[in-house]
*Asks:* 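Have a look at this one.
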Amino acid sequence: MSLKKIIYTDKAPAPIGPYNQAVLVGNTLYTSGQIALNPATMELVLDDIETETKQVMENMKAVLEAAEMTFDNVVKTTIFIMNMGDFARINTVYASYFDEKTAPARETVQVAGLPKGVNVEISMIAVK
C-alpha cells in the first residue's frame, strides 16, 4: 500500500516535467509550484503582475479542490518572485484568497530565475 496519493486535475496546468501537481500523504497535501499557465491552452498569462498572480492562485485553487481542500486548509506557502519591487502587488492578490486572521505561514523569496521566464511561482502545504 502506497503512503502517497497523486493528485491531478485538468483544471490546473499539466506538469511540464517529472513531477505531479500535488502529493497527498495522510492528511497533508504537498503541492508543486504553480506558475501562470492557463490550463486550457497551456499559454502563459503575463499581462501584468496582478493578472499573473491571480492565474497562479486559481491554478492552486484547482489543485486544492482536486484534493477536496480549500485555501482554509493551507498551513504554509512559499512565494518565489523575480522582483521584490512587485511584492506589494503580488501580496494584494494573494491576500484576497485568505482570511487574514487564519492565513498560513509564508516566506517570500526573490530569485534569479523561474520556469518559462515567469515573475511569480507559489507552492503550498495544506492539511485536512
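Computed from heavy atoms alone, side chains included, the values below leave out hydrogens, waters and symmetry copies.
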*Asks:* Applying side-chain hydrogen bond (donor to acceptor under 3.5 Å, both in side chains) as the test, list every pair that has at least one member in residues 13-23; sequence neighbours left out.
*Replies:*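 Every pair satisfying side-chain hydrogen bond (donor to acceptor under 3.5 Å, both in side chains) with a residue in residues 13-23: there are none.
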
*Asks:* As an exercise, state the distance from CG of N119 to CZ of F80, rounded to the nearest 0.5 Å.
*Replies:*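 N119 atom CG to F80 atom CZ measures 15.0 Å (nearest 0.5 Å).
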
*Asks:* In terms of hydrophobic clustering (I, L, V, M, F, W, Y; side-chain heavy atoms under 4.5 Å; direct or indirect links), are L64 and V23 co-clustered?
*Replies:*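 Different clusters: L64 never reaches V23 through Ile, Leu, Val, Met, Phe, Trp or Tyr contacts under 4.5 Å.
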
*Asks:* Between V109 and V93, is there a shared hydrophobic cluster once you connect ILVMFWY residues whose side-chain heavy atoms come closer than 4.5 Å?
*Replies:* no

*Asks:* Where is the tightest heavy-atom contact between Y94 and P104, given as atom of each residue plus distance?
*Replies:*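 Heavy atoms only, the tightest pair is OH-CG, 3.6 Å.
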
*Asks:* So, for N27 and M69, which heavy atoms are closest and what is the spacing to 0.1 Å?
*Replies:*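 Where N27 meets M69 most closely, the heavy atoms are O-CE, 3.8 Å.
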
*Asks:* V118 and M82: which non-hydrogen atoms are nearest, and at how many Å?
*Replies:* O-CG, 3.3 Å

*Asks:* Has the side chain of Q110 got a donor or acceptor atom that lies under 3.5 Å from a matching backbone atom of M84?
*Replies:* yes

*Asks:* Can you confirm whether L37 sits close enough to E43 that some side-chain heavy atom of one is under 4.5 Å from a side-chain heavy atom of the other?
*Replies:*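 Not touching, per the 4.5 Å side-chain cut-off.
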
*Asks:* Short question: side chain of T31, backbone of M124 - any donor-acceptor pair under 3.5 Å?
*Replies:* yes

*Asks:* Measure across V120 and T53 and return the closest heavy-atom pair with its distance rounded to 0.1 Å.
*Replies:*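 Answer, listing the atom of V120 first, then T53: CG1-OG1, 3.9 Å.
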
*Asks:* Check whether I35 and M42 end up in the same hydrophobic cluster, where Ile, Leu, Val, Met, Phe, Trp and Tyr are linked by side-chain heavy atoms less than 4.5 Å apart.
*Replies:* yes

*Asks:* V56 vs E121, test: side chain to side chain contact (heavy atoms under 4.5 Å, CB included). Steps then yes/no.
*Replies:* CA-CA 7 Å; V56 171; E121 179 175 2; over 6 Å; no

*Asks:* For residues I79 and R106, determine if any side-chain heavy atom of one lies less than 4.5 Å from a side-chain heavy atom of the other.
*Replies:*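 Result yes, sub-4.5 Å side-chain heavy-atom pair found.
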
*Asks:* Identify the two heavy atoms, one from I7 and one from A66, that lie closest to each other, and give their separation to 0.1 Å.
*Replies:* CG2-CB, 3.7 Å

*Asks:* Identify the two heavy atoms, one from D10 and one from P39, that lie closest to each other, and give their separation to 0.1 Å.
*Replies:* O-CB, 3.9 Å

*Asks:* List the steps, then state whether side chain to side chain contact (heavy atoms under 4.5 Å, CB included) holds for E107 with K76.
*Replies:* CA-CA 8 Å; E107 67 255 337; K76 177 82 166 50; 2.5 Å; yes

*Asks:* Once you round to the nearest 0.5 Å, how far does CZ of F71 lie from CE of M60?
*Replies:* 7.5 Å

*Asks:* How many angstroms lie between atom CG of L46 and atom CD of Q55, to the nearest 0.5 angstrom?
*Replies:*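 Between L46 CG and Q55 CD, I get 10.0 Å after rounding to 0.5 Å.
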
*Asks:* Calculate, to the nearest 0.5 Å, the distance between atoms CZ and CG belonging to F98 and D72 respectively.
*Replies:*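 Here the rounded value is 9.0 Å.
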
*Asks:* Heavy atoms, side chains only, cut-off 4.5 Å: are R89 and T92 in contact?
*Replies:*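 Not in contact.
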
*Asks:* State plainly whether one hydrophobic cluster holds both V63 and V45, where clusters connect Ile, Leu, Val, Met, Phe, Trp and Tyr through side-chain heavy atoms under 4.5 angstrom apart.
*Replies:*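 V63 and V45: separate clusters.
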
*Asks:* Do I81 and I90 come close enough that some side-chain heavy atom pair is under 4.5 Å?
*Replies:*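 SC-SC contact between I81 and I90 confirmed.
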
*Asks:* Between the main-chain N or O of L24 and the side-chain N or O of T28, is there a donor-acceptor pair closer than 3.5 Å?
*Replies:* no

*Asks:* Suppose we screen for salt bridge (Lys or Arg N to Asp or Glu O under 4.0 Å). Which residues come up paired with K128, at least two apart in sequence or across chains?
*Replies:*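 Here the qualifying residues are E68.
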
*Asks:* Does P13 reach the side chain of N59, with side-chain heavy atoms less than 4.5 Å apart?
*Replies:* yes

*Asks:* Can you tell me how far the CG atom of N83 sits from the CD1 atom of I49, to the nearest 0.5 Å?
*Replies:*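 Atom-to-atom, N83:CG and I49:CD1 are 8.5 Å apart.
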
*Asks:* To the nearest 0.5 Å, what is the distance between CD (E58) and CG (N38)?
*Replies:*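 The distance works out to 11.5 Å.
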
*Asks:* Using the rule that Ile, Leu, Val, Met, Phe, Trp and Tyr join whenever any side-chain heavy atoms are under 4.5 Å apart, tell me whether Y30 and V75 fall into a single cluster.
*Replies:*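 Same cluster.
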
*Asks:* When you look at K116 and I16, which way does the side chain to side chain contact (heavy atoms under 4.5 Å, CB included) test go after all the steps?
*Replies:* CA-CA 10 Å; K116 296 190 169 280; I16 54 176; 3.6 Å; yes

